[in-house]
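Below, all heavy atoms of this structure are taken into account, side chains as well, without hydrogens, waters or symmetry copies. Positions are given from 1, in the same order as the sequence printed here.
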Amino acid sequence: MWVGPLLSAMAAQPPVDWLVHAEAATQQFKTTFTSSPSTPPYKRGGALLRLSNGLIERNFFAGADGGFCTVEYRHLRTQQTFFRAIAPEGNLTLNGTGFDIGGCAGQPDGHNEFFTPETYAHALAVGNRSLVFVNATQEPPAPLFDWTPGTRHSPRDVAWPPRGVHLIATFVPPPTAPAALRGTVVRVHYEMYDGMPVLRKWVEVAAGDAPQPVSVDTLVYEMLRAPNFAPEHMSIVQQQYNNPVPADDQTRGGSFGRDFSLWFADADYDACCDQELHVPYTLYTRLLVGYTASAAYGGPTGPGAVVTPRGASFHSLSLRTILHDSLSAERVGLGIREMHRRLAPHLLENPINLMATDISTSAAFTLAIDQAAETGHEILIVGFGAKGWCGLCFSQLRNQSFRGWFKAHVAYAAKRGVEVSGYTLMQHNGWGESIPLAEQTLGRDLSTRGPTACFATDWHAGYRAAVLDFVEETRMGGLETDGQFEGIPCADKGGDHRHNGIEGGYSYGMAATLEFNTQLKALGAYQTGADGYCFSGANKWNHADTDRFSQLPLWEQMTVGRMYIYDSTFARLPTSGQIGVNDLAETSKACAVVDRVGCFDFVLGTQYLMGTIPTFRSASLFAPADPNATALQHTISKWTSFYKRYRALRPSGRAGVLVDKLLHLRRPDSRSLEAVAHLTSDDSDATRAILSVVNPTPAATSAALELPLYYAGIAQGSRVALRGIDLASPSGRAAPTAAREEHVVGAEGVGPYSVLVEVKLPPRSYSAYIVELLSESSRPR
């Protein structure tokens with residue numbers, strides 16, 4: 001299994017691969033912004049602007065007449081150009097009048113196969129409906145929210161905010177614009193980061209000195225006319241999405257293949273029969289990202305934001321584009337994960353959590369805390385439907401007696417080394433209470449209300465403020481947020497619905513959620529939940545969110561759970577996801593495949609071996625009077641100890657091998673061996689990889705596994721040793737009786753950076769091996 005770059009391209013590669021040695025790439029590939037007077041074939045009097053980090057670059061032409069457009073966007077390592085024809089940087093409608101954001105006229109219609117500067121550059125000019133470019137400035141990237149590297153076992157060596165350049169291009173309406181828009185300012189923001197082929201983009205609108213408020217009726221903040229191959233070599237990662245499932249993560253969270261909600265046919269380029277001559281998806285070559293139509297919203301999503309003169313600006317959602325140098329699913333996935341690791345590093349927080357379903361008495365609450373502490377868990381979430389908990393409804397938020405009682409238990413948990421979190425249903429204030437009718441969403445047809453709250457009301461702002469106050473006063477360590485804004489439309493224009501009717505319902509509801517998440521982060525909270533708002537601070541949500549999954553028998557359910565983990569972790573960090581094991585002490589009693597304790601152990605172990613923390617949801621981890629209580633406690637403690645040992649920060653301050661890089665070797669299918677590998681290229685410790693293998697079948701099974709070590713930074717010809725880990729012991733160390741198996745990388749008839757590992761597992765069992773570097777020939781380039 002070869003997962004590294006193509007050998008034929010090795011000679012042309014730069015000396016550092018950003019996916020192998022991220023810090024070295026950051027040092028080598030610094031982001032720069034340069035501006036120089038344009039030279040022929042571009043018009044004199046204009047300027048060429050270059051934003052580059054040595055891995056990718058985006059170049060612009062800024063004309064003396066106010067024209068502004070991308071003229072090149074390419075991957076420098078592969079020399080692939082992701083730009084085919086001139087397009088505006090976006091478009092928007094202000095007070096009912098449409099404008100292009102920049103753009104240059106001059107590339108003739110019918111000549112959109114490619115842009116050739118020597119042919120057309122001299123004709124580039126500001127478009128008839130374009131905003132006029134004023135200037136470009138730069139500054140360092142700013143943090144998205146308050147966060148400190150090293151929090152909850154995350155790496156200390158990550159830069160926050162990320163290092164790079166923030167470019168701001170400023171535009172104003174043309175002289176022909178309506179007088180009401182004069183003074184309006186539109187800024188396009190680009191961020192490029194040191195050592196990553198990643199670009200972030202968003203748009204800001206300010207009324208400035210306009211004589212009256214300005215409504216941003218529509219907005220597309222990225223437009224790119226690209227060659228046919230481009231979508232497969234680009235991942236478009238948006239700012240938020242709800243209730244993700246693995247297939248969703250691989251499209252919206254970073255595309256493997258085309259996301260047809262973002263790529264469209266270009267009428268000036270795509271011929272009518274392209275899809276018949278080639279394959280259907282060749283028809284889509286135009287990238288459009290913005291506030292477009294939504295099935296959930298029932299139509300266009302605005303943004304409908306209203307900005308006031310000399311008031312606060314409107315900032316759009318943003319996207320991050322990753323340009324890939326390979327179509328290997330593993331390398332593409334590693335690129336998406338490395339982007340998250342460095343642009344959302346809080347996702348690497350990895351406390352071991354569980355969810356309690358009973359705090360109706362102090363005894364029940366204390367039992368959950370004590371069991372968490374005694375088994376190595378670090379966060380206790382008071383969960384959905386928990387007895388004694390109303391999901392942070394007003395009756396408890398405003399009850400000083402309850403607040404004091406809850407705070408005392410949080411303090412007790414802290415003494416035992418456990419943080420306490422709690423569940424809230426954000427689209428409703430808990431259960432047992434009703435949202436006032438006037439505060440509920442109003443449908444597009446103005447005939448139906450609710451059942452959810454409108455996030456853009458003063459009432460919901462008061463609810464969010466009360467939740468934050470409760471978290472701060474009780475010193476909770478986290479919050480479980482369910483039902484965050486899901487694009488539910490609201491057409492209400494009256495009362496305290498401060499969102500400009502249906503036109504603004506989406507953007508104001510989204511803004512309320514994003515602001516709440518960043519406020520949670522300012523309190524130091526660990527945010528779990530159902531939704532993937534990672535760029536505003538969410539830490540963890542389900543690897544998959546399907547109701548049918550929980551209705552399967554335990555053994556089948558957990559097999560599907562491992563499938564979900566395997567699939568979703570192509571495009572997301574394992575620490576950002578979870579699969580519930582619920583009341584495993586109870587459900588394991590009915591496990592007909594192996595004995596109860598063995599089943600309990602297998603379910604926990606096979607998730608931990610994939611680098612994912614299994615999540616209990618029960619009143620207690622086990623009943624104190626359970627006849628197997630001692631064995632169950634030992635099993636839980638064994639696996640939490642294993643995880644803690646291999647997540648531990650290395651001497652460099654980097655995350656441990658178990659939470660560094662995941663390679664997918666064999667997908668769970670219930671009929672054969674499953675395998676993943678965890679790798680790190682950090683050389684401050686000899687352990688460079690963990691190979692995890694699972695046999696869920698009823699027969700002894702063997703296989704020859706190719707273990708690629710390229711992403712562990714190990715060169716061809718290096719010597720490595722594999723030793724089995726004693727998974728029966730809480731120490732998690734190499735088994736004292738395990739033979740040391742030595743290999744030479746690239747010399748065993750498999751990939752040039754691989755070794756061949758023969759494994760044989762008994763029925764329904766697991767195994768794991770550590771890989772140590774013994775001697776190194778030279779670092780891979």
Side-chain angles (χ1 to χ4, degrees), residues 352-358 360 364 367-368 371-372 374-377 380-381 383-387 542-566 577-610 612-640 642-643 668-674 692-701 727-728 761-767:
I352 302 174
N353 63 284
L354 76 159
M355 185 175 285
T357 59
D358 187 0
S360 57
L367 174 63
Q371 286 194 338
E374 290 159 6
T375 56
H377 289 84
L380 177 74
I381 304 168
F384 170 77
K387 297 178 181 178
N542 292 339
H543 279 300
D545 200 348
T546 64
D547 292 333
R548 295 297 304 174
F549 165 69
S550 63
Q551 298 175 27
L552 293 170
L554 177 63
W555 192 266
E556 293 179 34
Q557 183 186 125
M558 292 298 104
T559 299
V560 173
R562 295 195 303 278
M563 292 178 184
Y564 284 158
I565 295 170
Y566 191 95
Q578 60 191 10
I579 289 291
V581 298
N582 300 322
D583 190 351
L584 187 59
E586 183 62 30
T587 57
S588 60
K589 293 177 181 178
C591 185
V593 178
V594 295
D595 68 275
R596 180 202 181 187
V597 175
C599 183
F600 190 93
D601 175 73
F602 189 89
V603 168
L604 296 182
T606 52
Q607 287 201 33
Y608 274 115
L609 288 172
M610 295 182 82
T612 291
I613 299 168
T615 302
F616 288 90
R617 180 176 177 266
S618 54
S620 61
L621 293 173
F622 49 86
D626 191 302
N628 297 123
T630 300
L632 299 180
Q633 180 172 345
H634 170 82
T635 300
I636 299 170
S637 299
K638 176 187 73 172
W639 285 113
T640 58
F642 167 82
Y643 187 81
D669 63 6
S670 79
R671 297 183 298 277
S672 58
L673 291 184
E674 311 165 6
S692 300
V693 188
V694 175
N695 178 16
T697 75
T701 306
L727 296 176
L761 271 66
R764 295 180 173 124
S765 65
Y766 49 73
S767 188

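Checked against F616 for a side-chain contact (heavy atoms from CB on, under 4.5 Å), the options T357, N582, V581 give a single hit: V581. None of D626, D583, L584, I636 except one satisfies the side-chain contact (heavy atoms from CB on, under 4.5 Å) rule with L621; the exception is I636. Each of I352, L354, N353 was compared with T615 under the side-chain contact (heavy atoms from CB on, under 4.5 Å) criterion, and only N353 meets it.
W639 has its ring centre less than 6.0 Å from the ring centre of Y766.
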Check the pair V594 / W555 against side chain to side chain contact (heavy atoms under 4.5 Å, CB included), numbers first and verdict last.
-> CA-CA 10 Å; V594 295; W555 192 266; 4.1 Å; yes
Decide side chain to side chain contact (heavy atoms under 4.5 Å, CB included) for F602 and V593; before the verdict, give the C-alpha distance in whole Å, the side-chain angles of both, and the deciding distance to 0.1 Å.
-> CA-CA 11 Å; F602 189 89; V593 178; over 6 Å; no
Would you check, one step at a time, whether the test side chain to side chain contact (heavy atoms under 4.5 Å, CB included) holds for L554 with C599?
-> CA-CA 9 Å; L554 177 63; C599 183; 3.7 Å; yes
Could you give me the CA-CA distance, side-chain angles and deciding distance for N695 and L673, then say whether side chain to side chain contact (heavy atoms under 4.5 Å, CB included) is met?
-> CA-CA 5 Å; N695 178 16; L673 291 184; 3.5 Å; yes
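Panel note: side chain N628, backbone A631; no donor-acceptor pair is recorded below 3.5 Å. Although no hydrogens or angles enter the test, the distance criterion places no donor-acceptor pair under 3.5 Å between the side chain of Q607 and the main chain of T612.
The nearest pair of heavy atoms linking P624 to A629 is O-CB, 3.9 Å. Taking both residues in full, the closest heavy atoms of F600 and S588 are given as CD1-OG, 4.0 Å, listed atom of the first, atom of the second, then distance. Heavy-atom minimum distance, A728 versus H634: O-NE2, 4.1 Å.
The CD atom of Q557 lies 6.5 Å from the OG atom of S550; values are rounded to the nearest 0.5 Å. Rounded to the nearest 0.5 Å, atoms CE (M610) and NE2 (H543) are 8.0 Å apart.
Residue K387 places its NZ atom among 12 or fewer non-hydrogen atoms of other residues, nucleotides or ligands, all under 6.0 Å distant.
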